[in-house]
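Every chain is numbered from 1, with letters handed out A, B, ... down the list of sequences.
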Amino acid sequence: MFGFHYRLERKAIGLVLGIIFVASIGGIFEIAPLFTIHQTVEDAPNMRVYTPLELAGRNIYTREGCYACHSQMIRTLRDEVERYGPYSLAVESKYDHPMLWGSKRTGPDLARIGGKYSDEWHVAHLINPRDVVPESIMPRYNWLSHTALRTDDLSAHLRAQRAVGVPYTDEMIANAAADAAAQSAPESPLVEGLTKRYGEATTVRSFDGNPAELTEMDALIAYLQILGRLTDVATHPASAAGE
Amino acid sequence: MQVIATLTRSERQWALIILLVLFALGLALMAAGRNDPLAGHGALVMIAALAAIFAVISGYFTPEPGDERLDHYYDEPSKIGLVLAMAWAAVGMFFGVWVAALLAWPDLTFDAGWASFGRIRPVHTTGVIFGFGGNALIATSFYVMQRTSRARLPDQLSPLFVLFGYNLFCLLAVSGYMMGITQSKEYAEPEWYADIWLVVVWVVYFVIYLRTLARRNEPHIYVANWYYLAFILVVAMLHIVNNLAVPVSFGSAKSYSLFSGVQDAMTQWWYGHNAVAFFLTSGFLGMLYYYMPKRAGRPIYSYRMSIISFWGITFFYMWAGSHHLHYTALPQWVQSLGMTFSIMLLIPSWVSAGNALMTLNGAWHKVRDDAVLRFMMVAAVFYGLTTFEGSFMAIRTVNSLSHYTDWTIGHVHAGTLGWVSMITFGAIYASVPWLWKRPAMYSTQLVETHFWFAIAGTIVYVFAMWNSGIIQGLMWRTYNDSGTLAYSFVDSLIAMHPYYIARTVGGLLFLTGTLVGCYNVWMTIRTAPRTSTTGAEPALAEQPLLQPGE
């Protein structure tokens, strides 16, 4: 073995090929099957995609680095399930490009934060967390409520999402900006189109309490309120297909 | 511009052409992204290109270097790289102390969006890993490769392209985070255009390596180069796969990862863990394998141990990433594989650490007297400790407690402060006098001071995080007599406060040491070279450090 190596290390190309070969094996064995083994991701026929407003909110969540303090992955441990709710299933993040499972809980897990608090609570909390939870060390995000949400490129966002495999329809892509506006303006005539495309259960309300203006706060809270609720397979396992 | 004077006329012309192309690319980004943060990055690229164009023009008519340049190694990129590494260390660690302070006093942001925790945390990680670590790796790899191959770099321009191109990437990365441009993938946050740029830079880097090795006057490729090669190759592989993404448009900084959910999680941690392996371990082991024997004046203890640990690390690490995903929605068989390989990884890791420490046998009096060598010795010790801790934390049941807590942060810093930074400072203190032809560092006393600040900072930091992490983990899972959870999340938050302050203090100590180091390096460069030949590299320079097949 050492004799072989004695010769190998005299050839740069031999070392290069050796390194590539030896280093590839692990990834090929562990990652490739995840794309082919069907059981990796559960079936959830009632799973819906993010609305344009929620997707915009998700992008604000990434932009601000919320994932650096919050996980979105409840592990299969008793205390986590009791603290945060049913453990996360793979299917629940199947439209998450990239996933936001996180690696650090400086703040609590947010995988099932949707519906836990009112919109007003979130607005107050994001403007200054210490107004709501005095001991909090979360940053303030007060500027979100007076920053207008950019919607002119939402169609392009949906198109890129479709390119990576999220089933947005042509209609959803064409109406992305209108749908985003409609979701936070319950009185708007556009709401009908939105619920037709994304389902009756889509939450339509002014998330930041100001229906006149579409802000980044609207988008972020719309996203927080849908977390854990794109499908109910984790909470109602009976609705999973074929069971 | 001194650097320009080392380029031949045709290289100066090529430099201008490359810079004009870069300028045009910046302009294109700016035009395409005029409604997008992308425009800011287009402008940054243009300014960088323009500044470099001016530098090249101002040095354009300096006399060309003669053929006698070929009798010396080409060390200009190593010199600049080491200075940049120290600068990035100061900046990156400053941001580190800042983010640490934010967790104790959350309103230290001047009410500015760009300064909030989520945006500047990646500035810290990128600044220290890629800015400090990456520059040190590039600088030392050029230095070590030339000496161990007894061959000069193939030309002058391409190494400079790699160095400056790489720093442009780092600049795009950290400025992007503050502007809100990020992919959110940990340690792979830069967006698609920066990622593509890095691939270009990296390919040139690899080609330089191969071209130099091809011209070597040593039949054997020295161990340090195996590690540098693995670092270059595997980082390329990881970077390309993990960053596959579809941009929203060519006028948008934003892209969406090709992978989603569980597959993305696995790809990300395959990347993330091996960024630790091949960036923060392999590359720095390359550094260790050259500088430690050199400074101690003793050959590497065992050639066979080098071989075993090299291939062991290269093979085992690639399987270990899934230990970041224990008890998650990742299929259990992958988790089990990750745990198994993480434990096996301890063997090559300890063989490496042992090989390094045994190399010091017979030179312990030097470790006592020479702070530079002591930096390297402590690095090897922390390498051993951290790899042990890492294998331990990869065990499922241990991980159930440690994951998501500050324990992970403590572990990472035992590695990055105790191992990576220590070996880097050791290598920098060793090579600065060699490179600038000085008899020694400006002040050996200040090297000593830096050493003790660094040790104290590391210990305070790591102990604070061990405590807070374990307390956090225990509080989250403690039940009271009636069978309900005993503590709310906020209870655990309050318990963390003193440790977060302690951690900030630890970081501040470490940063102080780094600043002392920056001053010392700067003063060494500024003092006039002695005319005598003392301070030349040890005579060993012309000898292979390791007799193969010993």
With respect to chain A, which residue among [options] yields the maximal number of heavy-atom pairs within a distance under 4.5 Å?
{"options": "B:Ile181, B:Val246, B:Thr484", "answer": "B:Val246"}
{"options": "B:Lys185, B:Lys254, B:Gln472", "answer": "B:Lys254"}
{"options": "B:Asn274, B:Thr267, B:Ile307", "answer": "B:Ile307"}
{"options": "B:Val241, B:Leu213, B:Ile308, B:Val334", "answer": "B:Val334"}
{"options": "B:Thr408, B:Leu210, B:Asp111, B:Val234", "answer": "B:Asp111"}
{"options": "B:Leu244, B:Leu337, B:Thr478", "answer": "B:Leu337"}

Against chain B, work out which of [options] has the most heavy-atom pairs shorter than 4.5 Å and name it.
{"options": "A:Tyr67, A:Phe21, A:Tyr141", "answer": "A:Tyr67"}
{"options": "A:Ile13, A:Leu89, A:Ile25", "answer": "A:Ile25"}
{"options": "A:Pro129, A:Gly3, A:Gly65", "answer": "A:Gly65"}
{"options": "A:Arg7, A:Glu82, A:Glu135, A:Arg83", "answer": "A:Arg83"}
{"options": "A:His97, A:Arg63, A:Arg150, A:Met138", "answer": "A:His97"}

Portion of [X] that has a non-hydrogen atom of chain A nearer than 4.5 angstrom:
{"X": "B:Tyr317", "value": "neither"}
{"X": "B:Phe316", "value": "neither"}
{"X": "B:Phe206", "value": "side chain"}
{"X": "B:Leu103", "value": "both"}
{"X": "B:His497", "value": "neither"}
{"X": "B:Trp270", "value": "side chain"}

Worksheet item: For the residue pair A:Tyr6 and B:His220, does the interplanar ring angle fall in the parallel (under 30°), tilted (30 to 60°) or perpendicular (over 60°) class?
Response: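 Because their plane-to-plane angle lies in the 30° to 60° range, the rings of A:Tyr6 and B:His220 count as tilted.
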
Worksheet item: Relative to the ring of B:Tyr256, is the ring of A:His157 parallel (under 30°), tilted (30 to 60°) or perpendicular (over 60°)?
Response: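 Geometry flag for B:Tyr256 against A:His157: perpendicular rings.
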
Using non-hydrogen atoms only, which part of [X] is less than 4.5 Å away from chain B: side chain, backbone, both, or neither?
{"X": "A:Asn142", "answer": "side chain"}
{"X": "A:Val166", "answer": "neither"}
{"X": "A:Leu154", "answer": "neither"}
{"X": "A:Leu100", "answer": "side chain"}
{"X": "A:Arg10", "answer": "both"}
{"X": "A:Cys69", "answer": "side chain"}
{"X": "A:Leu77", "answer": "side chain"}
{"X": "A:Ile37", "answer": "side chain"}
{"X": "A:Leu8", "answer": "side chain"}

When rounded to the nearest 0.5 angstrom, what distance separates [atom1] in [X] from [atom2] in [Y]?
{"X": "B:Arg477", "Y": "A:Arg78", "atom1": "CZ", "atom2": "CZ", "result": "11.5 Å"}
{"X": "A:Ile20", "Y": "B:Thr314", "atom1": "CD1", "atom2": "OG1", "result": "12.0 Å"}
{"X": "B:Leu325", "Y": "A:Met73", "atom1": "CG", "atom2": "CE", "result": "8.0 Å"}
{"X": "B:His324", "Y": "A:Ser103", "atom1": "NE2", "atom2": "OG", "result": "8.5 Å"}
{"X": "A:Ser24", "Y": "B:Phe315", "atom1": "OG", "atom2": "CZ", "result": "11.0 Å"}
{"X": "B:Asp406", "Y": "A:Thr106", "atom1": "CG", "atom2": "OG1", "result": "6.5 Å"}

Given side chains that start at C-beta, do those of [X] and [Y] come closer than 4.5 Å, heavy atoms only?
{"X": "B:Gln332", "Y": "A:Thr76", "value": "no"}
{"X": "A:Pro98", "Y": "B:Ser184", "value": "yes"}
{"X": "B:Tyr303", "Y": "A:Glu9", "value": "yes"}
{"X": "B:Asp264", "Y": "A:Asp96", "value": "no"}
{"X": "B:Pro331", "Y": "A:Gln39", "value": "no"}
{"X": "A:Lys11", "Y": "B:Ile221", "value": "no"}
{"X": "A:Trp101", "Y": "B:Gln268", "value": "no"}

Show the nearest heavy-atom pair for residues [X] and [Y], with the distance to one decimal.
{"X": "A:Ala68", "Y": "B:Arg121", "answer": "CB-CD, 3.8 Å"}
{"X": "B:Ser260", "Y": "A:Lys94", "answer": "OG-O, 2.7 Å"}
{"X": "A:Trp143", "Y": "B:Gly113", "answer": "CH2-CA, 3.4 Å"}
{"X": "B:Phe489", "Y": "A:Gly107", "answer": "CZ-C, 3.2 Å"}
{"X": "A:Glu30", "Y": "B:Met318", "answer": "OE1-O, 4.3 Å"}
{"X": "B:Trp226", "Y": "A:Leu15", "answer": "CD1-CD1, 3.6 Å"}

Worksheet item: Centres of the A:Phe35 and B:Phe259 rings: under 6.0 Å?
Response: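 They qualify: ring centres under 6.0 Å apart.
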
Discussion item. Checking side-chain polar atoms at under 3.5 Å, does A:Glu80 have a donor or acceptor matched by the opposite partner on B:Tyr404?
Written reply: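 No, B:Tyr404 and A:Glu80 have no side-chain donor paired with an acceptor closer than 3.5 Å.
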
Worksheet item: How far apart are the C-alpha atoms of B:Phe310 and A:Ile19, what are their side-chain angles, what is the distance that settles it, and do they pass the side-chain contact (heavy atoms from CB on, under 4.5 Å) test?
Response: CA-CA 10 Å; B:Phe310 175 73; A:Ile19 292 169; 3.8 Å; yes

Discussion item. I'd like to know if A:Arg130 and B:Asp107 make a salt bridge, using a cut-off of under 4.0 Å between side-chain N and carboxylate O.
Written reply: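 Counted as a salt bridge, because a side-chain N and a carboxylate O are separated by less than 4.0 Å.
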
Worksheet item: Is it true that atom NZ of A:Lys104 has more than 12 heavy atoms of other residues, nucleotides or ligands lying nearer than 6.0 Å?
Response: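 Yes, NZ of A:Lys104 has more than 12 neighbouring heavy atoms, counting only those of other groups under 6.0 Å.
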
Discussion item. Applying side-chain contact (heavy atoms from CB on, under 4.5 Å) to A:Ile137 and B:Met496, what does each step give before you reach the verdict?
Written reply: CA-CA 11 Å; A:Ile137 56 171; B:Met496 294 307 101; over 6 Å; no

Worksheet item: Side chain of A:Arg75, backbone of B:Ser400: donor and acceptor closer than 3.5 Å?
Response: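 Here the side-chain-to-backbone pair exists.
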
Worksheet item: Where the side chain of B:Gln263 meets the backbone of A:Leu34, is there a donor-acceptor pair that is under 3.5 Å apart?
Response: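 Yes, because the side chain of B:Gln263 sits within donor-acceptor range (under 3.5 Å) of the backbone of A:Leu34.
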
